[in-house]
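Below: the structure, in structure tokens.
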Amino acid sequence: MGGSNRARRWVVGVPTLWLVLLFLIPFLVVLKISFSVARLSIPPYAPLLVLRHGWPMLKVHLSSYAYLLTNPLYLRSYLYSLQVAAICTVLCLLIGYPMAYAIAHAGAWRNVLLMLIVLPFWTSFLLRVYAWIGLLQNNGLINHVLISLGLISHPLVMLQTDFSLYVGIVYSYLPFMILPLYSNLEKHDPALLEAASDLGARPFAAFLRITLPQSLPGIAAGSLLVFIPAVGEYVIPTLLGRTDQIMIGRVLSNEFFENRNWPLASAVAVVVLLMLVVPIVLLQRVERRELEAE
Amino acid sequence: MKTLRSIVMIALASLLAACSGAGKSAGEAKVVNVYNWSDYIDPRVITDFQKKYGIHVNYDVFDKNEVLETKLLTGNSGYDVVVPSGPFLELEIRAGALRPLDKSLLPNTKYLDPGIERSLAQYDPGNRYAVDYMWITSGLGYNAQMIKARMPDAPVDSWKMLYDPAIVSKFKSCGVTILDEPTEVIGTVLLYLGKNPNSQSPADLAAAQKVLMAIRPYVRYVNSSRYINDLANGEICLALGWSGDVKMAELRARQAGKTYRIVYSIPKEGAVENFDTLAIPADAPHPDNAHLFINYLLDPHVAARNSNHVRYANGDSASLPFVAPAVKNDPGIYPPPAVLSHLVPERAKSMQFMRELTAAWTAFKTGT
């Protein structure tokens, strides 16, 4: 009994330590900076703890949060980020579900197909996003082909639009949708579908009433794995996205680098995190339920 | 117990050794860590320096002043030589991020152009913290054929090209881009309006913002590096860009066998000039080697080699005889005196003004 208890403590303790070291402590540092004010010094913000007449005093500023709330730029960027992330999640699901389903039913080809899903990770993420510039730009491959086929006479402007942004995000995050879906779908018992068919259900009805409900945890896990990082995505919108509407990741980097305003940048980050708390908690519950089911 | 004590002793001894190693009197390791702009040196200069002094150069690059500044203001950057531009130099000195230069270790400062030294003193009073590496202007880079096809009498020597909606709208179809440098770009708009480009008055900022908003529909993107390739490829036809970058686009277009010409022009209303300076961070681990490296870059022959390679003007007047005629006689690189008198150095702005400026800039970029 004592041995298994200790083992359990290990199993819980290591991830907790991981979470504290790599999430909680950095978050507290960011939270601390968000309550400071910017100034010209090393580091470029005022200390929270100051000595006055030999007594330590806490100087908390809420000005960064006040600025966030009063300037409509931030609200617009938050909403736009949520919208982009939501649209891309739905697109990933629509494309990824049939793919995951096909792989789960591919028999001997399964491992090869899975390999193909993972293969792009062997090339740098940045390089792959960059490659899309070459495909989508006015002088790019796609416009060349379309023009030489005579389908269009003027190049289509695809780069720096919502279209190119969605293409980039969906392309980059698709594996994160497919892999959890696949691991869910391949566990389904084929006997259930056979039983449904024996009882007279057509394949589509059987899918709707058996496969789909069973795969809900996979859908939830995949969607959250796409949605959460997509909200804060920085690289893809910078390279492929519109310049007239910026996602919150770029707002954050502008505040940090351009305005040299670390407190405001930290406040932006804290608010992003607060927005994502609900989906993150959901993700954890889905994962825990999956673990318990096994 | 005994082993524990010896471990503690060894640890203390190594700590002491580390501390004395940090003190520079013990002599520096044969290393210098340089952080410069991308594509901003003749690579052979680095290898020659290593050969001559037996000091290894760790060479790292950035493409935005803000990135360098963030590293300096975070502290412990580990760099020995950095290359901030004028207004950033001014702020970094005030933040205490730089170390005063020891001029006795820099005999080659005698070759520096006194006029440029005077300009630099606006950022660095008494020229205590930095020396000039290169100096640059921002102006109009354009594709001569594409512009001519759309407007045969285009005023290519004026900011009207960019800031007059009636004119810039003609170039929307072939692509117009602007640098993502708020202070510099707004400075050029103020020049177009006949105002002081370094003005910090809210009324001037509002006037400049009005001009920018009016041309926003015709601007394809706002970015500080992508336009080089796009100009070279004919992807865009008009860019607010930096002199040397436009020259690089011209070179790349020629190497790719393009038939059109890429031209750089400094508008007659004046332009914003900027200085990229060599400086040493306050906490540089190898300050002696840093001085040696800076002094080497100020050697007239070395400065000329760098200018010939990167196509920017250096701050070393003694280097001129060694600068290639194609570079020296290019009015976009070494402007004639009449144009020189129209150049205004960009100055650092107050934090309060920067916040207003960034808000205006974001509104411009997002088009609202």
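Side chains are part of it too, since the values below use all heavy atoms of this structure and drop only hydrogens, waters and symmetry mates. Per chain, numbering begins at 1; letters A, B, ... match sequence-line order.
- Between the side chains of B:D63 and B:S38, no donor-acceptor pair of N or O atoms lies under 3.5 Å.
- Remark: B:R216 is positioned above the aromatic ring of B:F364, its terminal NZ or CZ atom under 6.0 angstrom from the ring centre and at most 45 degrees off the axis.
- No option in A:R76, A:M247, A:R250, A:E233 other than A:M247 meets the side chain to side chain contact (heavy atoms under 4.5 Å, CB included) test with A:S81.
- We find that B:R347 and B:E90 are joined by a salt bridge, their nearest charged nitrogen and carboxylate oxygen being less than 4.0 Å apart.
- Heavy atoms closer than 4.5 Å to chain B are found nowhere in A:L159, neither backbone nor side chain.
- For B:E69, the part lying under 4.5 angstrom from a heavy atom of chain A is the side chain only.
- For chain B, the nearby parts of A:Q137 are the backbone and the side chain; heavy atoms of each come within less than 4.5 Å.
- The six-membered or imidazole ring of A:F176 lies near that of A:F121, with a centre-to-centre distance under 6.0 Å.
- Residue contact with chain B, scored on non-hydrogen atoms closer than 4.5 Å, is absent for A:R242.
- Of the atoms belonging to B:L357, not a single heavy atom falls under 4.5 Å from chain A.
- Ranked by heavy-atom pairs shorter than 4.5 Å toward chain B, the options A:I133, A:N261, A:N138, A:V157 are led by A:N138.
- With B:C174 as reference, B:R150 is the one residue of B:R150, B:E235, B:Q145 to meet the side chain to side chain contact (heavy atoms under 4.5 Å, CB included) rule.
- Contact of B:R220 with chain A is made through backbone and side chain together, with heavy-atom distances under 4.5 Å.
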